[in-house]
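Encoded as structure tokens, the structure appears first; notes follow it.
Remember, predicted model here, so these are calculated numbers, not experimental data. One-based numbering along the sequence shown.
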Amino acid sequence: MPNLALIRFATRKPRLVINLTVLITLAIALVAALPSIWPTAFSPLHPLEVDTDPENMLPQDAAARVFHNRMKRELYIHDMVVVGVVNDVHDAGVFNPQTLQNVYALTEFSKTLKWPDEHRPDGWGGVIEADILAPSTLDNIEQDGLGGVRFDWLMPVPPQSQREAEAIRDKALHIPFLNGTLVSEDGKALSIYLPISSKELTYRTYSRLREKIASLEGDERYFITGLPVAEDNFGVEMFIQMAISAPLSMLIIFLLMLFFFRKLTLIVSPMIVAMVSVICTMGLLIATGHTVHIMSSMIPIFIMPIAVLDSVHILSQFYDRYQETGDRRATIEAVMKDLYKPMLYTSLTTSAGFGSLALAPIPPVQVFGLFVAFGVLLAWFLTIIFIPSYIMRMSESSLAGFGMPGGPGGPSRNVLMARLLHWMGDRTYRWAKPILVLTVVGISISIYGMSRLVINDNPIRWFAESHDIRVADAVLNQHFGGTYMAY
């Protein structure tokens, strides 16, 4: 049989299989990494490109997206970063000399937040200075004698006295479109609206503003929020979380396998299979020119546990049978003969499930589904050739004492997990009807729960209630008309 021929090749040429696995993995990793490290020297290759903009979940030619971008151009609308300033300590709220001096300084600092941008005609992107909405950038129009009109800035310079600060408040509250948007009705809060040239610069703007705010002295509080802030921060923090979660998941899997099999040298092999599967999948994704989107960042989390599953089946059977013969080759070939088809079928069905996401009309979801499907099949192939090769390269002494005592027919009930499984098997047989009834009840509750689902399209709500952006949104909504759609 072809499957057994492949297994025999792996058990008879283990060094060749392991060396080929290492060489191919290194080659893919280098092809993906070198263009990002030395873009000039490796310009024909594709460098790593990261995209944290949820708007790109839709294709460029999607009708809703085309209309949205056209309206933004025609109405000259830009995404807005909202800086809220709240002072609950001073009797006059934010309208005191110290707070308004800080607001003025922060506004002037915001005008400098510009960076090189190759996509703009002038070559610079960031905060659009001409469209900043702040006390020092807004006009104050007043009557100037009979038949005269006087134009002036609402706050041309920071006030030096409390009277000057209150005069600014009175002027702002007399301008209808500022009341409740730039200045709260109770005078306890005001906002600075910073339009940005592109959402890609939001996180950079957000970080620089926080640094500047940390240097200001005063008893007021600052809050930074807005739709682009939530979207861009979510993307950035999502990548950070994936960088933390992926190694943690590997650690948990490693510890669980160590607990079950108690043979460190043996359980290293599934970890290698998982790592190689992730490196090759993500490396090919980058090398083929695909952007690493928020969805793509989750690929390792899905591949790693799936990649270990087939290895666990093999090691479990190997654990049960090894003590019968003490022959590694005979045991692994017998195990693979039994498990080859079940592992193939489960891998194919899993891969087909993820591959079906290619039918979704969302490009990042398509990429996610196809590459997870590829990673699952790659993990299966690595499992059936690498695990046997790895076992054959282990020394005889490293397998001493490994396996179920006495084999499957031996005193397995002395093993804790075996005793637990025997206990569960007996109870499942005796309590079959109550278990089925509880299953039906659980399904009924789940169906009711599904009917209560609420779609959440507000990125602010993607953060924990204690997150700075979520807190900022809650506080500013108490003082103003809202920040979710703040333009």
Side-chain angles (χ1 to χ4, degrees), residues 25-62 65-66 68-69 79 114-121 123-126 196-208 227-247 275 277-304 354 357-358 360-375 378 459 462:
T25 304
L26 286 176
I28 294 175
L30 288 174
V31 169
L34 290 178
S36 300
I37 301 173
W38 295 292
T40 305
F42 297 91
S43 55
L45 301 177
H46 295 284
L48 171 64
E49 295 184 5
V50 177
D51 180 13
T52 61
D53 187 358
E55 188 175 314
N56 290 330
M57 295 292 282
L58 289 176
Q60 292 282 352
D61 57 352
R65 189 171 180 183
V66 171
H68 173 73
N69 292 332
D79 292 289
K114 294 181 175 63
W115 299 274
D117 186 355
E118 60 183 17
H119 301 295
R120 290 179 60 82
W124 290 88
I196 53 176
S197 59
S198 63
K199 287 193 288 187
E200 289 78 7
L201 299 172
T202 303
Y203 187 79
R204 192 180 296 183
T205 303
Y206 174 79
S207 301
R208 292 293 305 279
L227 186 59
V229 174
E231 291 178 346
D232 204 33
N233 275 268
F234 177 79
V236 172
E237 294 190 17
M238 183 74 173
F239 276 91
I240 296 173
Q241 286 298 317
M242 290 302 103
I244 297 173
S245 301
M275 289 181 61
S277 300
V278 169
I279 292 172
C280 289
T281 302
M282 295 302 294
L284 289 174
L285 184 146
I286 296 168
T288 51
H290 290 89
T291 301
V292 179
H293 200 271
I294 295 173
M295 287 290 296
S296 307
S297 70
M298 294 188 289
I299 290 177
I301 290 292
F302 281 81
I303 290 181
M304 279 189 293
F354 282 104
L357 293 176
I362 305 174
V365 174
Q366 294 173 345
V367 172
F368 169 80
L370 289 174
F371 277 90
V372 171
F374 169 80
L378 176 63
W462 297 348

Please report the shortest heavy-atom distance between [X] and [Y], naming the atom on each side.
{"X": "Leu201", "Y": "Gly125", "value": "CD1-C, 3.4 Å"}
{"X": "Ala32", "Y": "Ser36", "value": "O-OG, 4.1 Å"}
{"X": "Ile196", "Y": "Pro228", "value": "CD1-CB, 4.5 Å"}
{"X": "Pro300", "Y": "Ser297", "value": "CD-O, 3.5 Å"}
{"X": "Leu45", "Y": "Pro47", "value": "O-CD, 3.5 Å"}

Please report the interatomic distance [atom1]([X]) to [atom2]([Y]), rounded to the nearest 0.5 Å.
{"X": "Thr281", "Y": "Ile303", "atom1": "OG1", "atom2": "CD1", "result": "3.5 Å"}
{"X": "Leu284", "Y": "Leu378", "atom1": "CG", "atom2": "CG", "result": "8.5 Å"}
{"X": "Thr205", "Y": "Trp115", "atom1": "OG1", "atom2": "CH2", "result": "3.5 Å"}
{"X": "Leu26", "Y": "Cys280", "atom1": "CG", "atom2": "SG", "result": "9.5 Å"}
{"X": "Leu227", "Y": "Glu55", "atom1": "CG", "atom2": "CD", "result": "9.5 Å"}
{"X": "Leu48", "Y": "Ile286", "atom1": "CG", "atom2": "CD1", "result": "4.5 Å"}

Exercise. Hey, mind stepping through Met242 and Ile299 against side-chain contact (heavy atoms from CB on, under 4.5 Å) and telling me if it holds?
Worked result: CA-CA 9 Å; Met242 290 302 103; Ile299 290 177; over 6 Å; no

Do the non-hydrogen side-chain atoms of [X] and [Y] ever get within less than 4.5 Å of each other?
{"X": "Asp51", "Y": "Thr291", "answer": "yes"}
{"X": "Thr202", "Y": "Glu231", "answer": "no"}
{"X": "Val365", "Y": "Met57", "answer": "yes"}
{"X": "Ile37", "Y": "Phe42", "answer": "no"}

Exercise. Under 30°, 30 to 60°, or over 60°: which ring-plane class applies to Phe371 and Phe374, parallel, tilted or perpendicular?
Worked result: perpendicular

Problem set entry | More than 12 heavy atoms from other groups under 6.0 Å of CE on Met275 | no

Exercise. Hey, is CH2 on Trp38 packed in by over 12 heavy atoms from elsewhere, all under 6.0 Å?
Worked result: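 Incorrect, the count does not exceed 12.
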
For this session: Would you check if there is a donor-acceptor pair between the side chains of His290 and Thr288 at a distance under 3.5 Å?
Result: yes

Problem set entry | Candidate pair Ile362 and His293, rule side-chain contact (heavy atoms from CB on, under 4.5 Å), full reasoning | CA-CA 12 Å; Ile362 305 174; His293 200 271; over 6 Å; no

For this session: Can you sort out the partners of Tyr203 under ring-ring contact (aromatic ring centres under 6.0 Å, His included), two or more places apart, ordered by chain and number?
Result: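 Per chain and number, Tyr203 pairs via ring-ring contact (aromatic ring centres under 6.0 Å, His included) with no residue.
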
Problem set entry | side-chain contact (heavy atoms from CB on, under 4.5 Å) assessment of Val367 paired with Met295 | CA-CA 8 Å; Val367 172; Met295 287 290 296; over 6 Å; no

For this session: Show your working on side-chain contact (heavy atoms from CB on, under 4.5 Å) between Ile279 and Ile28 and close with a plain yes or no.
Result: CA-CA 8 Å; Ile279 292 172; Ile28 294 175; 5.6 Å; no

